[in-house]
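Here the structure comes first, spelled out in structure tokens, and everything after it is commentary.
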Protein chains: 2
Amino acid sequence: MKNSDLCEIKCIHEDAVKQVKSEMLHETTFQKISEDFKILGDKTRIKILYALSKKELCVCDLSSIMGMTDSAVSHQLRLLRKSNMVKFRKEGKMAYYSLVDDHVVQLIKMGQEHAQE
Amino acid sequence: MKNSDLCEIKCIHEDAVKQVKSEMLHETTFQKISEDFKILGDKTRIKILYALSKKELCVCDLSSIMGMTDSAVSHQLRLLRKSNMVKFRKEGKMAYYSLVDDHVVQLIKMGQEHAQE
DNA sequence: TATTCAATTGAACATTTATTCATATGAAAA
DNA sequence: TTTTCATATGAATAAATGTTCAATTGAATA
């Protein structure tokens, strides 16, 4: 009995499965990648990141731009900080937020291209 | 009274807000972008896409690679089809899935780079 | 034709998640 | 010091989401 027959019987292409399995990344890598994309998978956060790519802004500026409450924006900023996408500096009562690097901008740009196809 | 004073009083940097507002994309654009990223924001779907980037595979192959039920995989494939990331061809009882283009692969690669920082 | 099998689908369930509201913090102004 | 204001936080709620289980479809095979 050939290997390929076995595959058919079990409804699995063993060679293909084995090959692809060996090429898969580590579980934690997939985890991290998907966590980052999950952060980008929300309209509010994408808008915040896009706004910050244009200019450093404080929370109430962002709230005004987004048309949302300070609280809602602040909650999202917390997530963005946690995932290392934005940083901030305090000046008196105000907190000025900006992007950590332009990696996110590149990702959004690519996403935009795909969305517009 | 200066404009900048007004800004401070209202806790809004009017000029910055006005400028950034004018540079924002359309609501539907942000919507589309975030929807695409939301699809990538799940470990199961990232793994499926990564596997398909290596080889065309049928549902049961994917199930075996993922260590999940056919049903769970099929549900996710439906979402991936809906968001135009994967396509499939039928051959008898089997359905062979593959990526629509390598756009997704590029995104995952970029996400991977960011995740590894 | 009846059966088998790969794949799909729908409903149910548990979990996650985004926003709201109320409250707390902490710095500047009165 | 007391008040005001920008921001942050916690709890609560409603909505969305991923997986499971049971049932269905449709094509090949017996």
Side-chain angles (χ1 to χ4, degrees), chain A residues 5-13 16-17 30-31 34-35 37-49 56-83 86-98, chain B residues 5-13 16-17 30-31 34-49 52 56-83 86-98:
Chain A
D5 289 338
L6 229 178
C7 293
E8 293 307 321
I9 291 166
K10 286 189 187 171
C11 166
I12 290 183
H13 303 82
V17 168
F30 285 123
Q31 183 67 41
S34 62
E35 274 169 13
F37 282 129
K38 190 169 288 181
I39 292 291
L40 301 176
D42 178 82
K43 198 174 71 170
T44 297
R45 288 191 290 268
I46 283 282
K47 284 173 74 177
I48 290 175
L49 291 168
E56 182 191 59
L57 295 163
C58 72
V59 177
C60 63
D61 290 340
L62 279 168
S63 306
S64 169
I65 291 165
M66 308 287 297
M68 297 176 63
T69 63
D70 293 350
S71 178
V73 171
S74 189
H75 275 296
Q76 296 303 337
L77 285 170
R78 202 173 71 81
L79 292 179
L80 292 169
R81 263 185 278 139
K82 197 176 141 204
S83 56
V86 307
K87 63 183 190 297
F88 73 108
R89 65 184 176 82
K90 277 274 192 178
E91 196 172 292
K93 289 178 271 188
M94 323 275 279
Y96 289 91
Y97 280 83
S98 56
Chain B
D5 288 337
L6 229 180
C7 295
E8 294 307 319
I9 290 166
K10 288 192 189 168
C11 165
I12 291 182
H13 303 83
V17 168
F30 284 124
Q31 183 67 41
S34 62
E35 274 169 12
D36 275 356
F37 281 129
K38 189 168 290 182
I39 292 292
L40 300 176
D42 177 81
K43 198 174 69 168
T44 297
R45 288 190 292 266
I46 284 281
K47 284 174 74 177
I48 289 175
L49 291 168
L52 292 179
E56 183 191 58
L57 294 163
C58 70
V59 177
C60 64
D61 290 341
L62 280 167
S63 305
S64 168
I65 291 165
M66 309 285 298
M68 297 176 64
T69 62
D70 293 350
S71 177
V73 170
S74 189
H75 274 298
Q76 296 303 339
L77 285 170
R78 204 173 70 82
L79 293 179
L80 292 169
R81 263 184 279 139
K82 197 175 141 204
S83 57
V86 306
K87 63 183 192 298
F88 73 107
R89 64 183 177 84
K90 276 275 193 180
E91 196 172 292
K93 290 180 269 187
M94 323 275 278
Y96 289 90
Y97 280 83
S98 56

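Proteins get letters first, then strands, A, B, ... in listed order; numbering begins at 1 in each.
Regarding Met94(B), its CE atom lies at a distance of 14 Å from the C1' atom of dT4(C), rounded to whole Å. Summarising the geometry, the separation between NZ on Lys43(B) and C1' on dT15(C) is reported as 15 Å, rounded to the nearest angstrom. Remark: C1' of dT16(C) and CZ of Phe37(A) are 20 Å apart, rounded to the nearest angstrom. In this structure, Leu77(A) places its CG atom 16 Å from P of dA6(D), rounding to the nearest Å. Taking atom CG of residue Asp70(A) and atom C1' of nucleotide dG10(D), one finds them 17 Å apart after rounding to whole Å. With rounding to whole Å, Lys87(A) atom NZ is found 19 Å from dT7(D) atom C1'. The interatomic distance linking Tyr96(A) (OH) with dA27(C) (P) rounds to 16 Å, in whole Å. Regarding Ile48(A), its CD1 atom lies at a distance of 12 Å from the C1' atom of dT19(C), rounded to whole Å.
Qualifying side chain to side chain donor-acceptor pair (under 3.5 Å) partners for Ser98(B), counting only residues two or more places apart in sequence or in other chains: Lys87(B). Shown here are the side chain to side chain donor-acceptor pair (under 3.5 Å) partners of Ser63(A), two or more places apart in sequence or in another chain: Asp70(A). For Arg81(A), the side chain to side chain donor-acceptor pair (under 3.5 Å) partners two or more places apart in sequence, or in a different chain, are Tyr97(A).
Phosphate contact (OP1/OP2 of dA6(D), side-chain N/O of Tyr97(A), threshold under 4.0 Å): absent.
Nearest heavy atom pair, residue Phe88(B) against residue Ala95(B), reads CD1-CB, 4.1 Å. Contact detail for Ile12(B) and Asp61(A): the closest heavy-atom pair is CA-OD1, 3.4 Å. Minimum heavy-atom separation, Val17(A) to Ile65(B): CG1-CG1, 3.8 Å. Taking all atoms of both residues into account, the shortest heavy-atom contact from Gln31(A) to Ser34(A) is O-OG, 2.9 Å. Nearest heavy-atom pair, Glu91(A) versus Arg89(A), reported as atom, atom and distance to 0.1 Å: OE1-NH1, 2.6 Å.
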Polar atoms only, N or O, under 3.5 Å: list the protein pairs with nucleotides 18-25 of chain D and their distances.
from, atom 1, to, atom 2, distance (Å)
dG18(D), OP1, Arg45(B), NH1, 2.8
dG18(D), OP1, Arg45(B), NH2, 2.7
dG18(D), OP2, Arg45(B), NH1, 3.4
dT19(D), OP1, Thr44(B), OG1, 2.9
dT19(D), OP2, Gln76(B), NE2, 2.8
dT20(D), O4, His75(B), NE2, 3.2
dC21(D), N4, Ser71(B), OG, 2.6

What pairs of nitrogen or oxygen atoms, one from the protein and one from nucleotides 28-30 of chain C, lie under 3.5 Å apart?
none

Could you pull out all donor-acceptor pairs under 3.5 Å where a side-chain atom in residues 38-45 of chain A meets a protein atom, sequence neighbours excluded?
from, atom 1, to, atom 2, distance (Å)
Asp42(A), OD2, Thr44(A), N, 3.1
Asp42(A), OD2, Arg45(A), N, 3.1
Lys43(A), NZ, Glu27(B), OE2, 3.1
Arg45(A), NE, Ile39(A), O, 2.7
Arg45(A), NH1, Gln76(A), OE1, 2.7
Arg45(A), NH2, Lys38(A), O, 3.3

